[in-house]
Every structure is written in structure tokens, then in C-alpha cells.
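See structure below.
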Amino acid sequence: MSTFPHLFEPIMIGPVEVPNRICHVPTDISSAHADGSVSVRDIHHHATIAKGGTGFIIVGATSPQGKTGRSTVTCLVADGDEYIPGLARLAEAMHRYGAKCAVQLQHPGRQAALPRAGKFASTDMVVNLPWSQSRPILYASEEESLTRKPIHVLTTDEILSLIDLFAEGAWRVKQAGFDAVELHAAHGYLLSEFMSPYLNRRNDRFGGSFENRMRLPLAIIEAIQKKCGRDFPVLVRYSVDEWVPGGRELQESIRVAKVFEEAGVAALDLSQCIQESPGAGFDPMYYQEGWTMYASLAIKKEVHIPVINSHSLRNPEYCEKILAEGKVDMVGLSRQLLADPYWPMKARYGQVKAIRRCISCLTGCWQESLMAKKEIACAINPACGNPAFEIRTKASQALRVAVVGGGPAGMEAARHAAERGHAVTLYEKTGELGGAILGCCLVPGKDKMKWYADWIRDQVSQLPIELRLRHEPTLEELSSFDVVINATGARSYVPRVSGLSEKVVPFERILACPKVSCEFHPGDGRKPEKLEGTRVIVWGDHYPAADTAAFLASIGKEVTIVTPFKEF
Ligand SMILES: Cc1cc2nc3c(=O)[nH]c(=O)nc-3n(C[C@H](O)[C@H](O)[C@H](O)COP(=O)(O)O)c2cc1C
Ligand code: SF4
């Protein structure tokens, strides 16, 4: 019997039997072709998640009208029958491994990445998000850059045509062979804008009262049921708490749940936040596992349909517990399946330690990919979204490979080379593997970084990799290898400040754990850095600067951050 019996229990979503309680909550991987049709990367990515054992896979935001709104520049589109064959290949790729699947239909409304100056796209996705402000924002015209994008109030005719577009999109999803469709009514996108007491400023029959704000999503559900039949399951994802003053809170969300159940919705997919409260939607590293469980616990008491809940769920033990306690019917994983699509399989077969847990850094999958208008990636899983990794085989000829540098890049390179059967020697000049990630030890709220450090070091220790610690190889030594991989990493730039040179220190020295017995001590015999005085200037504005400032503030220093940019 599995250690996690509740996790691997089947469940019904409408008439569809799902093999287990693990749901891939919608994740736009922005990997479609430029016209929004399904690409090889889309198929590879979702098939890998199905192969990894996830029972129910909801494909991320797919536009019912690509011309007026796409959430990312290369999200999927389903606004014409010509998209059906690609979607059918996508559904088939997941069904092959026994997963059930759905597509999430979403119109981004004001949060469109495309079109940049279209009338539905009242703001650009990267505007006003705190973590993007140091990036230049490119506007389509000078006029647009002065005025930003105008808010366009949808006319009744436009709303009515949207209802048809959603229904037709759902019909294409069904025609392609998907088991269900989901409406994206969370996170401040179009349907969420209508439902939200904070965002909806209309004074016609689509705005104001609760009934009026619910009118559009309910009309779409009814139209889908007419077009696809009531036995084709419709799910709805919405934000239980919007986390803005005047936004929807739990009490109204319970009412929303009951109204959706009455309208024939097959399952609820609970989420959090709108774009004005982004930290809650894409939980940062310091959020605790289970912080959203209050929502499903309250809503499950009021409805009989399955309730999916997600956000920062990472550990199978915890997921098993909340299922067993009846706090949720299905556990939703998004980023965890980017970091390790084999999470379900590893949990099922007792390989929990082998799970590469997502550290919620949001660098690979958000900041450096979707926000930069590129395809999905993961900072700790180089295989994420990349079909090239699927065809990795044992090397026909084993080579002698030297990897110089025992940080994350060096360890990952050594791991891949060893798995392919090469003879690997890994050199690290300090006494500890880890490199830059060892700096995670002291920074408040960064404990999850240790998960990755532990995982990758454990992987290296289990492979036949020769480790040479406290050793910097000479050229002669390296010349005996077939391949040398340089992974010595970056070094911080330390400015010369006339007359103050002894007071200027690189951040690595500040963030290094001073406890020699700690597994994150750099092991290079360094003495703890003693910072005299209380006032400190941190020069720089990226992650290391923020981490250094947070640590210094946590030990009582008075910190000033200096940056050449207008905004931090
Ligand atoms: C790269 C990325 C893409 C996402 N795309 C969608 C989406 O298309 N639709 C949606 O409802 N939520 C989307 N989300 C939000 C996730 O479904 C999820 O709610 C959030 O990441 C928190 O859960 P997690 O900690 O399991 O990742 C996305 C999140 C990320 C990181
Ligand atoms: S990039 Fe970071 S947040 Fe995103 S999936 Fe990978 S580990 Fe998680």
C-alpha cells in the first residue's frame, strides 16, 4: 500500500473519473507558436507531467480570442477550428499516460501581453508590477508611453460576443478530446474584473450588485452548457481573497461557490489575489505551505462539488495530511511540477527524498521567462519545457570530464555527465559543495533555498563522481581530460572607494554562514566577518543586494540601499 493513500485515491469531476487527487493547476508556459497553436514544446511539457503521474492536468491560459487578448505573447489560442488538430494532439499526449485533462479559457482583459495597444488591453502586463520596475517598458508609440493604455469600457455588444467566443472555445476544447474546460476568473483578468467588487466600476447590469457582477461568468457557463452539453464538465478558478481594500473576501467567495454549484459547475479551483496584490498570486519564497487552506476548508463546508486548492504546496506528506483531514478534495501544483514533473511518481514509490522541491524563487519561471516574453524555464530544473532533454541517452563512448566549480551549475553539469555514463571529476576550491547557494543560510525567509542545496548535493553524492574538494586544478591536470567544463561562477564587483577600501566588502563575505559546524558554511577556513558600527550602505539593487540588506537589517544594522536607478 502507498504511504499516501489519500493522494492516490480516484475522484469524480462530473462524469469524469480522475485517477488520483493531484491536479496540475493551470500554468501558461508561453511556448505555443506565434499564432497560438500547439507546439512540440507544449506537447512535450504536458506529456511529461502526465508521465510523472499527475491525475488531472489543466492546461494554462488559452485565449478564446487571440486578436483582442493573450495573457503572454505565446500563450495558446482556441479561437478557430484550425486550432483543434493541435489541441487534439495535446490531449492525446496526456491521455496516453492515463491522465485526465482540461483547458483553461482565459481572456486577459486589461492584463494582456498582446496586443500591446489593443482596445481590450488597457495596461501592459509588465506595468506596475514591483519586481519589473527596473526593466525598461517598451511602448508601441510615444503617445502610448505618455498616456499608458486607455481603459476601454466594454459595450454590451462586445460582452455578448465574448459569451459566444468562450462557448465556441469550450466546444473546440471538447472536440479536441479534452475531458473538461475551466474558466479563468481569478487574478484580475477579464472575468475576474467583472466579478470583483474592487475592479468592477460599471454602472449597468454587469456592475454594482453581487448578482450583476456574477452575470457574465454565469452567462458564459450557460452558453457552454448549451453548446457542449451539461455533461461536459465546466470548472471555475477564482480568487477567494483579492488582498486589496474593498476586494472580495472569504464571505463573498463562499456565496460565489454556492452560485457556481447551482449553475452546474463541476469543480471549483480556488486561488488568490489580483494583479494589484501579486505576491499572493505567485507566492514568494517566504510564504508557508498551506497558507491558503483556510479557503477550501470554509468553502468545502458549503458545497458538494470537488474543491481544488493550491499555492506553495510542495511536500507529499503535507498534501496527504490536508486530504486526510478533509481540508481539500484535490491538491493543486503549478511550479512544483515545473521543478519536478515526477513528483507524483516519486511520492507513490517512496522516493520522497528524490523530489526536487520548487523553492518559489520565481526567477526561472516568471522573471526571466514569461515576464521577459520568453518560453517557460525553471531555475533549478534545466529540463523544464525543453524536449532536448527527453532524448538523453547513455553516451556511446565514456569520456573523462572535469568540472571546475562546485556551485549549482557545476553540480548540475556533473550530474548530467555522470548520468550519461561519463567519468566525472568535480573540483571545488573550498571545502563544501554549494557555491552561491551557501549564502542562503542567513537571509530571512530564504530557507527553501536549502531544499535545492540539499537535493543537488544528495544527487551528486549518489552518483559515481570523483570529488576533489579544496583543490584548484592546474592546467597540466586539466589537459588529461577529454572535456573540461568551467563552472567557476561570477564574482561580485567591488568598487574602489578612495580612503575607505578596508570598509568595502563583497556581499558573499557578509552572507557566508560563520558557524563552522553548519552544513552551509563555505568550508574555506574563513573567519566570521565582523561588521563594525551600525550604519551600512548596500550598493546594488538586484537579488544579492536585497538579500544582503534583509540580513543586515535582521541583525539590527541601519541599512541604506544605493542604486543608479529611479526605482528599486
Ligand atoms: C509560470 C506561471 C504561469 C502561470 N499561469 C497561470 C495560468 O495560465 N492560469 C492560472 O490560473 N494561473 C496561472 N499561474 C498561477 C498558478 O496556477 C498558481 O496559482 C501559482 O503559481 C501558485 O501555486 P504554486 O505555488 O503551486 O506554483 C501561473 C503561475 C506561474 C508561475
Ligand atoms: S524557477 Fe523557481 S519558482 Fe519557478 S518553478 Fe523553478 S524553482 Fe519554482
Side-chain angles (χ1 to χ4, degrees), residues 2-9 11 20-27 53-56 58 186-187 237-243 247-251 253-254 257 267-274 277-303 305-340 343-344 346-348 352-353 355-362 365-366 380 440 444-452 454-455:
S2 163
T3 326
F4 306 115
H6 294 88
L7 209 45
F8 294 99
E9 203 172 52
I11 184 170
N20 59 46
R21 302 301 180 102
I22 305 162
C23 173
H24 165 269
V25 281
T27 308
T54 296
F56 189 52
I58 309 175
H187 308 162
R237 184 166 221 217
Y238 69 101
S239 302
V240 173
D241 264 289
E242 295 183 327
W243 299 106
R248 188 173 50 248
E249 293 178 359
L250 180 61
Q251 279 318 309
S253 284
I254 292 175
L268 300 169
D269 176 3
L270 306 181
S271 192
Q272 297 283 339
C273 97
I274 54 176
S277 50
F282 306 102
D283 324 11
M285 201 178 278
Y286 59 89
Y287 277 31
Q288 295 296 312
E289 184 163 42
W291 71 273
T292 62
M293 285 307 127
Y294 74 95
S296 47
L297 186 62
I299 287 174
K300 255 176 67 60
K301 287 187 186 138
E302 307 287 339
V303 295
I305 49 178
V307 175
I308 305 163
N309 201 357
S310 54
H311 289 270
S312 292
L313 298 177
R314 302 288 182 264
N315 294 291
E317 297 87 345
Y318 182 78
C319 292
E320 172 69 16
K321 182 168 163 299
I322 53 179
L323 284 164
E325 290 171 355
K327 288 186 174 155
V328 65
D329 294 306
M330 292 189 84
V331 292
L333 309 177
S334 165
R335 290 170 295 173
Q336 178 53 60
L337 294 172
L338 300 178
D340 192 343
W343 186 98
K346 289 175 182 173
R348 180 160 205 155
V352 172
K353 209 172 160 211
I355 290 175
R356 178 174 14 198
R357 287 178 291 174
C358 161
I359 57 175
S360 303
C361 65
L362 281 170
C365 64
W366 195 244
I380 61 169
C440 64
K446 290 251 162 159
D447 281 354
K448 287 178 187 165
M449 295 276 281
K450 294 180 184 170
W451 293 353
Y452 176 64
D454 285 343
W455 180 84

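Here the straight-line distance linking atom CZ of Arg356 with atom NZ of Lys346 works out to 6.5 Å at 0.5 Å rounding. In this structure, the separation between OG on Ser334 and NE2 on His24 is 6.0 Å, given to the nearest 0.5 Å. Once rounded to the nearest 0.5 Å, the distance linking SG of Cys319 with CZ of Arg21 reads 13.0 Å. Taken from CD1 in Ile305 to NZ in Lys300, the straight-line distance is 11.0 Å, to the nearest 0.5 Å. Between the CH2 atom in Trp451 and the CZ atom in Arg357 there is a gap of 5.0 Å [rounded to 0.5 Å]. Expressed to the nearest 0.5 Å, how far CZ of Phe4 lies from CD of Glu9 amounts to 15.0 Å.
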Go through it in stages, so that I can follow the logic: the residues are Asp329 and Ile308, the test is side-chain contact (heavy atoms from CB on, under 4.5 Å), and I'd like the CA-CA distance, side-chain angles, deciding distance and then a yes or no.
CA-CA 6 Å; Asp329 294 306; Ile308 305 163; over 6 Å; no
Gln272 and Trp243: CA distance, side-chain angles, deciding distance, side-chain contact (heavy atoms from CB on, under 4.5 Å) verdict
CA-CA 8 Å; Gln272 297 283 339; Trp243 299 106; 2.8 Å; yes
Under the side-chain contact (heavy atoms from CB on, under 4.5 Å) criterion, do Ile355 and Gln336 qualify, and how do the steps go?
CA-CA 10 Å; Ile355 290 175; Gln336 178 53 60; 4.0 Å; yes
Please walk me through it: do Phe56 and Met330 pass side-chain contact (heavy atoms from CB on, under 4.5 Å)?
CA-CA 9 Å; Phe56 189 52; Met330 292 189 84; 3.8 Å; yes
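For Lys327, the salt bridge (charged side-chain N to carboxylate O under 4.0 Å, His left out) criterion is met by Glu325, not counting sequence neighbours. Scanning for side chain to side chain donor-acceptor pair (under 3.5 Å) contacts around Asp269 gives Arg237, with sequence neighbours left out. The salt bridge (charged side-chain N to carboxylate O under 4.0 Å, His left out) search around Glu249 returns none, not counting sequence neighbours.
Taking the side chain as every heavy atom from C-beta outward, Asn309 and Val331 never approach each other to under 4.5 Å. For the pair Val240 and Thr292, the minimum side-chain heavy-atom distance is 4.5 Å or more. Counting heavy atoms from C-beta on, the side chains of Trp291 and Ser312 come closer than 4.5 Å. Side-chain contact check for Leu313 versus Ile322: some heavy-atom pair is nearer than 4.5 Å. Annotation: side chain of Arg314 is in contact with side chain of Ser360 (closest heavy-atom distance under 4.5 Å). Using a 4.5 Å heavy-atom cutoff, the side chains of Asn20 and Leu7 are not in contact. Within the 4.5 Å cutoff, side-chain heavy atoms of Leu337 are placed close to those of Pro344.
For Val352 against Ala347, the heavy-atom pair with the smallest separation is CG2-CA, 4.4 Å. In terms of heavy-atom proximity, Asn315 sits nearest to Trp343 at C-CZ2, 3.9 Å. The two atoms that bring Ala339 and Ile380 nearest to each other are CB-CD1, 4.1 Å, heavy atoms only. Listed here is the closest heavy atom pair of Ile254 and Ala298: CD1-CB, 4.2 Å. Scanning all heavy atoms of the two residues, the minimum distance from Leu338 to Cys365 falls at CD1-CB, 3.6 Å. Scanning both residues, Tyr238 and Ser253, for their nearest heavy atoms gives OH-O, 2.8 Å.
Within a 6.0 Å sphere centred on OH of Tyr286, other residues, nucleotides and ligands contribute 12 heavy atoms or fewer.
In summary, the side chains of His311 and Ser271 do present a donor paired with an acceptor at a separation below 3.5 Å, with no hydrogens or angles considered.
Under the side chain to side chain contact (heavy atoms under 4.5 Å, CB included) test applied with Ile359, the options Lys446, Arg335, Lys448 reduce to a single match, Lys448.
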